[in-house]
Amino acid sequence: MADLMQMLTTNPLAKQLGVPQAARLRRGRELPTGAVVVGSAGGSPSLVRRTLELLGLPVEEALVDTPHTRVSQTDDEGRTREVPAPYPGTVGAVVVDATAATAVADLEDLRGVLRPALRALEGSGRVVVVGLEPDTAGGPTAVAVQQGIEGVVRSVGKELRKGATANLVRVDLLTDAPTTPTDLASTLSFLLEGRSAYVSGQVLHVGHAEEGRVTEVTSARPFEGQVVVVTGAGRGIGASIAEVYARDGAAVVAVDVPAGGQGLAQVANRIGGTALQLDITAPDAGRRIAAHVAQRFGDGARIHTVVHNAGITRDKLLVNLDEERWGSVLEVNLAAQIRINDVLLDPELPGGLDDGGRIVGVSSTTGFAGNRGQTNYAASKAGVIGLVRAMAAEPRLTARGITVNAVAPGVIATEMWGKVPFLTRTMGERLNSLQQAGTPLDVAEAICYLSSPASAAVTGRTLRVCGQLMMGA
Ligand code: NAD
């Protein structure tokens with residue numbers, strides 16, 4: 001079947017027949033090769049420029065399309081038309097600061113900057129618009145305009161091809177705790193680099209973290225010397241998460257059920273981490289994780305990040321769903337992580353979560369959209385979205401600078417996904433803006449971004465890693 005997929009997506013005849021061609025995505029820490037151009041809408045605020053400066057990225061001024069800046073172009077058949085003045089080379093990324101956009105006319109600035117840039121955008125190029133949290137923008141017109149920007153970005157995401165992505169970052173500027181360049185840096189660098197390959201059409205949020213909470217924003221090994229716990233690490237997405245944390249410097253504790261022991265040991269050996277055979281639904285699971293950390297890494301050791309990746313499905317239409325299938329999914333995917341968090345958040349517990357620590361849940365696009373035959377799974381995954389939103393505001397986290405976020409993967413090419421019937425699989429893989437499935441690496445990169453020491457100003461959010469999946473909501 002894999003060969004058939006390959007044939008369908010790469011065969012020249014398939015291309016002529018209009019079968020969408022999957023582009024090779026830029027991944028890892030690679031930056032765009034073309035120019036990073038910066039523009040603005042509604043004025044010339046400095047937040048984006050100062051952030052790019054902090055990241056050490058050379059930027060150029062974006063061209064703006066107006067009736068006065070257009071040039072005449074003659075096509076092969078001798079027809080002449082007015083087109084935006086072209087960029088001299090390719091554009092790797094266009095970053096627009098739209099935080100000052102408050103009037104409907106300001107949206108025209110956004111169009112004016114995006115039009116020429118999109119014509120020159122390279123494969124796997126980036127469109128990043130930075131706006132305000134709409135409800136903090138002022139009166140109804142300003143709120144409408146900031147909300148309108150979301151419509152633009154989500155539509156551009158659907159128009160882009162060749163692996164390019166478009167995302168919106170919302171910041172706070174008109175509140176008591178305005179977002180600073182230091183707060184925004186990790187999110188901008190994630191979006192510009194290949195780490196965000198499978199994130200498109202999304203709205204990300206960056207608030208403000210207390211002075212000193214954000215550390216080193218440009219490190220390639222942000223988890224150096226930190227302990228990270230990953231559940232369900234014996235295979236699939238969890239194994240990839242463990243590998244990426246190890247790549248980025250972490251000492252990883254890989255957790256999985258005893259039955260998954262062989263895969264777990266292999267993962268732990270490969271990455272130089274430690275394996276902990278544990279069913280996360282055990283009542284003492286949190287204490288056993290903490291005890292493992294204290295024992296393996298010394299008395300003073302604490303956890304920097306815990307990733308709740310372990311998850312199961314027990315699919316049935318609700319009319320056929322018994323309490324066992326219902327309960328087991330909610331227990332593994334939601335209740336277990338609530339219990340483990342409560343234990344690890346005890347500041348007195350040896351081997352518990354450190355100050356400035358991170359909690360990351362793994363939700364699913366099913367948690368947003370629902371799915372036929374998955375009421376139990378959708379309940380658990382929507383539950384994770386609510387859980388991180390609510391926990392983020394709790395004093396037991398805020399007082400210690402601990403953040404909590406989630407990722408919601410869409411269609412990810414894992415062994416499990418490979419078993420889904422061919423037609424369903426093909427639909428899922430094609431019906432997203434990037435016209436392909438994501439990889440476990442894409443999910444892992446998003447998790448590492450959210451839990452990076454540099455992402456202290458990002459909390460309570462669920463980031464979809466789904467290539468802008470068009471199935472469901
Ligand atoms: P997978 O089944 O390949 O791996 C899940 C791992 O969790 C397994 O190693 C399993 O042994 C472990 N696990 C299950 N129950 C456990 C328990 N009680 N205690 C400890 N470990 C346990 O699944 P995957 O595709 O890698 O998915 C990983 C996560 O991503 C899950 O939460 C899943 O719901 C979510 N997700 C996956 C996709 C996808 O396309 N694969 C899409 C959206 C969300």
Side-chain angles (χ1 to χ4, degrees), residues 198-199 229-244 253-268 275-286 288-289 292 306-315 327-340 360-371 374 376-385 387-388 406-420 424-425 427-429 431-432 436-444 446-447 462-467 469 471-472:
Y198 204 57
V199 176
V229 175
V230 182
T231 70
R235 67 171 193 223
I237 295 173
S240 195
I241 297 169
E243 277 161 16
V244 175
V253 177
V255 178
D256 212 305
V257 284
Q262 202 187 350
L264 183 66
Q266 282 168 358
V267 172
L276 173 60
Q277 291 189 12
L278 171 73
D279 182 336
I280 57 160
T281 64
D284 63 346
R288 286 180 55 194
I289 291 171
H292 178 96
V306 56
V307 182
H308 297 289
N309 161 79
I312 58 168
T313 52
R314 296 286 182 269
D315 296 357
S328 56
V329 168
L330 280 153
E331 188 57 24
V332 176
N333 296 3
L334 184 60
Q337 63 182 280
I338 295 174
R339 279 196 302 268
I340 292 172
V360 186
V362 177
S363 176
S364 163
T365 46
T366 295
F368 286 97
N371 200 16
Q374 291 200 310
N376 49 356
Y377 186 72
S380 69
K381 296 299 185 180
V384 169
I385 298 168
L387 181 68
V388 303
V407 293
V411 171
I412 305 299
T414 55
E415 218 175 287
M416 194 201 248
W417 175 250
K419 290 179 188 146
V420 170
T424 314
R425 193 149 47 92
M427 290 255 294
E429 288 172 6
L431 284 180
N432 62 76
Q436 58 193 288
T439 64
L441 171 69
D442 299 329
V443 180
I447 290 173
T462 299
L463 175 61
R464 295 189 217 193
V465 184
C466 67
L469 190 63
M471 295 194 303

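Remember, it's 1-based here, ligands and their atoms both numbered in the order they're listed.
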[Y] backbone acceptor or donor facing [X] side chain under 3.5 Å:
| X | Y | value |
| --- | --- | --- |
| K381 | V362 | yes |
| S240 | A444 | no |
| Y198 | Q436 | yes |

Hey, which residues fall under 4.0 Å of ligand 1 on heavy atoms? G232, R235, G236, I237, D256, V257, L278, D279, I280, N309, A310, G311, I312, V332, V362, S363, S364, Y377, K381, P409, G410, I412, T414, M416
Are I289 and L278 close enough that some pair of their side-chain heavy atoms sits under 4.5 Å apart? yes
Of all heavy-atom pairs between T281 and V332, which one has the smallest distance, and what is that distance? CG2-CG2, 3.7 Å
Identified side chain to side chain contact (heavy atoms under 4.5 Å, CB included) counterpart of E429 within the set V420, T424, V411: V411
